[in-house]
Amino acid sequence: MQVYDAPLRDMRFVLNELHSDDGFGALPIHAEFTPDLTDAILEEAAKFCREVLLPLNRPGDEEGCHLENGVVRTPAGFIEAYKAFAEGGWTSLASSPEWGGQGVPEAVGKLVEEMICSANLSFGLYPGLTHGAVCAIEGHASDALKAAYLPKLVSGEWAGTMCLTEPHCGTDLGLLRTRAVPQDDGSYSVSGAKIFISAGEHDLTGNIVHLVLARLPDAPPGIKGISLFLVPKFLPKEDGTPGPRNGVTCAAIEHKMGLKASATCQMLFDDATGWLVGEPHKGMAAMFTMMNAERLSVGIQGLGVGEAAYQSAVWYAKDRLQGRSLAGAKYPDKPADPIIVHPDVRRMLMTMRAYNEGCRALSAWVARALDAETHSPDPEVRQRASDFVALMTPVVKALFTDLASDSANLAVQCYGGHGYIRESGVEQYARDARITMIYEGTNGVQALDLVGRKLGANMGRYLRSFFHPVSQFIEENNVDGPMKPMVEGLAKAFGALQLSTATIAQRGLKDPEEAGAASADYLRLLGLVAMGYCFAKSTRIAGLKLFFGAEDKAFYDAKIKTATYFFERILPQATASFLAIKAGKTSMMALADDAF
Ligand SMILES: Cc1cc2nc3c(=O)[nH]c(=O)nc-3n(C[C@H](O)[C@H](O)[C@H](O)COP(=O)(O)OP(=O)(O)OC[C@H]3O[C@@H](n4cnc5c(N)ncnc54)[C@H](O)[C@@H]3O)c2cc1C
């Protein structure tokens with residue numbers, strides 16, 4: 001059974017308690033968002049997710065989307081749910097008030113995003129992509145385009161997409177063929193075929209605004225010759241309402257492994273009218289604004305599915321009676337004990353729980369940096385926050401989604417054979433989570449981004465935004481006391497990370513294949529250290545709260561137990577990653593291509 005209730009207590013912890021000393025400081029622009037107000041937002045969002053989105057998750061997966069005469073119909077209930085979602089102000093939550101948004105901190109917005117993805121990942125994609133499109137238009141479009149499109153996108157009246165992928169061109173966007181020809185009136189005529197476009201066509205909104213990568217006639221070849229265009233499904237009339245149909249059609253929808261209620265479309269642009277966003281041939285820079293926003297969002301999608309899978313597994317583990325506890329019957333009045341008594345089932349549940357809490361803590365840190373990079377009055381803080389976001393974006397995307405897929409599979413395992421059967425609902429999580437490792441840049445590509453672009457950038461400045469707080473924490477807390485084993489564990493993993501960084505920098509300079517061969521393990525190692533740091537901080541806070549007699553004893557006690565599990569059973573994987581990095585590329589590349 002799909003079970004989900006937003007983990008509000010943990011969300012409040014990461015929002016209000018965990019990162020208050022992160023050096024980004026309080027932001028005057030967010031002064032009105034007191035814990036009382038953010039609590040109310042989170043509670044309302046939790047209610048909407050529980051009552052409206054969750055009940056549509058399994059039926060949406062069963063029904064999927066339909067393409068009829070070029071029109072895509074979303075599953076039953078989606079139109080009404082989307083209407084309620086937009087009317088409730090959820091599409092405009094974290095957007096700027098300048099365009100009708102509510103200006104809620106990203107630190108809150110990301111928690112709401114997590115809830116939406118837990119309750120119904122397919123549904124979450126529609127507003128999620130729109131939010132990314134808003135970021136790109138806001139950052140790069142002309143004032144006229146902003147005025148015409150942003151208010152409608154922010155209100156949820158219209159939706160957005162990102163159109164990059166073509167049949168022959170996925171990761172390597174330099175191969176892109178879609179063309180854009182300048183017209184006398186300043187617009188462009190866009191023609192080409194795009195595939196795998198999420199929300200390319202649907203029945204939820206009055207218009208769909210495509211952000212399309214294409215080449216101008218004089219474009220240099222490769223990635224440096226790509227420009228970004230805004231191409232609406234309906235061309236707006238003078239009064240801003242949708243007018244004539246543009247030359248954009250949906251030729252087919254993909255039949256896919258999961259995420260079935262999200263329409264994945266093959267889109268044809270045939271002399272479609274569009275407008276340039278940003279400068280000619282600088283489309284990748286503009287699109288990266290959207291891609292970076294989406295990469296963080298996809299990480300949150302992973303966390304969302306991981307949490308839903310965990311909660312469903314816990315529910316089942318308490319309900320399913322099989323065998324007796326190895327320590328003797330724990331529920332002698334029942335014909336058998338619930339499977340939650342078995343150590344191996346505990347291993348699975350604790351692993352999922354630790355993944356989710358660790359990822360949530362890390363994502364809350366990144367979300368605070370997102371707010372600080374835009375709104376801090378101090379330029380030094382803005383720079384540091386921006387460095388941290390740049391470093392962590394590939395980590396959040398790849399680590400969270402790898403762990404989500406593991407969690408979803410562990411949930412299936414907790415259910416045994418029933419997990420493999422559709423009615424249980426957990427196999428949907430495994431299918432839905434799987435795509436998050438692939439789209440928005442595969443996780444392999446995220447790892448390359450981390451080692452290739454982020455490590456050496458600005459003489460290691462991005463990395464310092466993370467290394468400094470971790471080494472400071474270790475220094476300050478490496479004293480005798482209950483925290484000592486954790487701090488020592490963190491120091492060991494951090495040492496391995498520092499050594500690995502030096503190794504990759506040294507070897508990668510001479511041989512880029514060495515950096516490529518180390519990249520996935522390096523991302524995992526950095527992610528484990530980041531989660532370890534968050535867990536160690538959480539433990540320190542929880543310990544103090546318990547010492548001073550906090551009311552919420554059960555929460556803090558569980559936090560320390562989960563952190564201890566992470567340190568004893570998960571963080572040791574850092575050593576394996578370190579050894580793999582140290583081994584270098586030789587065995588990976590030794591076999592000739594034709595020997596496979
Ligand atoms: C459900 C779904 C929704 C999607 N939504 C959108 C969307 O809204 N908009 C959009 O534009 N696209 C979308 N995509 C496309 C998605 O982003 C691409 O599938 C993804 O970027 C990978 O491209 P590809 O499938 O062509 O794989 P390829 O690029 O062919 O990659 C195949 C494998 O090779 C690896 N690889 C490729 N190049 C390298 C390299 N240089 N170094 C190391 N490894 C490499 C990859 O990591 C991968 O493992 C969607 C896809 C799906 C399935």
Side-chain angles (χ1 to χ4, degrees), residues 61 64-65 72 121-122 124-133 136 159-178 192-202 208-214 222-223 226 228-229 231 248 250 252-267 269 283-284 287-288 290-295 297-298 301-302 305 394 397-398 401-402 405 431-453 508 512-523 585 588-589:
D61 178 62
C65 294
V72 172
L121 180 60
S122 284
L125 245 71
Y126 295 98
L129 280 154
T130 305
H131 184 59
T161 75
M162 57 191 298
C163 300
L164 288 70
T165 308
E166 298 179 6
H168 58 285
C169 141
T171 301
D172 188 355
L173 291 169
L175 300 172
L176 196 133
R177 288 189 196 137
T178 298
K194 297 281 178 183
I195 60 165
F196 298 168
I197 304 307
S198 298
E201 173 62 37
H202 55 78
I208 300 173
V209 180
H210 304 285
L211 288 182
V212 185
L213 289 181
I223 205 86
I226 295 175
L228 180 63
F229 298 88
V231 183
V248 193
C250 172
I253 52 174
E254 306 296 348
H255 301 284
K256 51 196 196 290
M257 177 178 175
L259 212 64
K260 291 185 187 264
S262 158
T264 308
C265 304
Q266 294 176 20
M267 301 300 296
F269 294 84
M284 283 312 292
M287 194 47 133
F288 255 107
M290 179 163 189
M291 284 158 73
N292 283 332
E294 291 302 330
R295 284 175 177 184
S297 289
V298 174
Q301 290 177 9
V305 179
K397 196 285 176 177
T401 59
D402 279 353
S405 192
R431 288 184 287 105
D432 283 359
R434 192 62 188 81
I435 184 59
T436 62
M437 298 165 70
I438 297 171
Y439 61 21
E440 209 41 69
T442 61
N443 285 0
V445 169
Q446 302 302 322
L448 283 178
D449 178 41
L450 179 65
V451 298
R453 291 207 196 102
E513 270 188 354
E514 283 288 358
S519 58
D521 286 296
Y522 184 80
L523 187 146
K585 73 167 195 178
M588 199 178 275
M589 304 305 281

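Source: prediction; values computed, not measured. Counting starts at 1 for both ligands and their atoms, in listed order.
If you look at Leu448 next to ligand 1, the close heavy atoms, those under 4.0 Å, all belong to the side chain. When non-hydrogen atoms are compared, ligand 1 lies under 4.0 Å from neither the backbone nor the side chain of Glu254. With a heavy-atom cut-off of 4.0 Å, Thr165 touches ligand 1 through backbone and side chain alike.
Checked against a 3.5 angstrom limit, the closest N/O atoms of Phe196 and ligand 1 fall inside it. At a 3.5 angstrom cut-off on N or O pairs, Lys256 does not count as close to ligand 1.
With hydrogens left out, the protein atom closest to atom 21 (O) of ligand 1 is Gly441 N, 4.0 Å, a heavy atom.
Across Thr171, Leu173, Val212, heavy-atom proximity to atom 31 (O) of ligand 1 is greatest for Thr171. When Asp172, Leu164, Leu175, Thr264 are checked for heavy-atom proximity to atom 1 (C) of ligand 1, Thr264 turns out nearest.
Side chain of Glu166 to backbone of Arg177: a donor-acceptor contact under 3.5 angstrom is found.
Within 4.0 Å of atom 41 (N) of ligand 1, not a single protein heavy atom is present. Within a 4.0 Å radius of atom 44 (N) of ligand 1, the protein contributes no non-hydrogen atoms. Protein heavy atoms are absent from the 4.0 Å sphere centred on atom 35 (C) of ligand 1.
The pair Asp449-Lys397 does not count as a salt bridge, with every side-chain nitrogen at least 4.0 angstrom from each carboxylate oxygen.
Ligand 1 has at least one atom lying under 4.0 Å from a heavy atom of Ser198.
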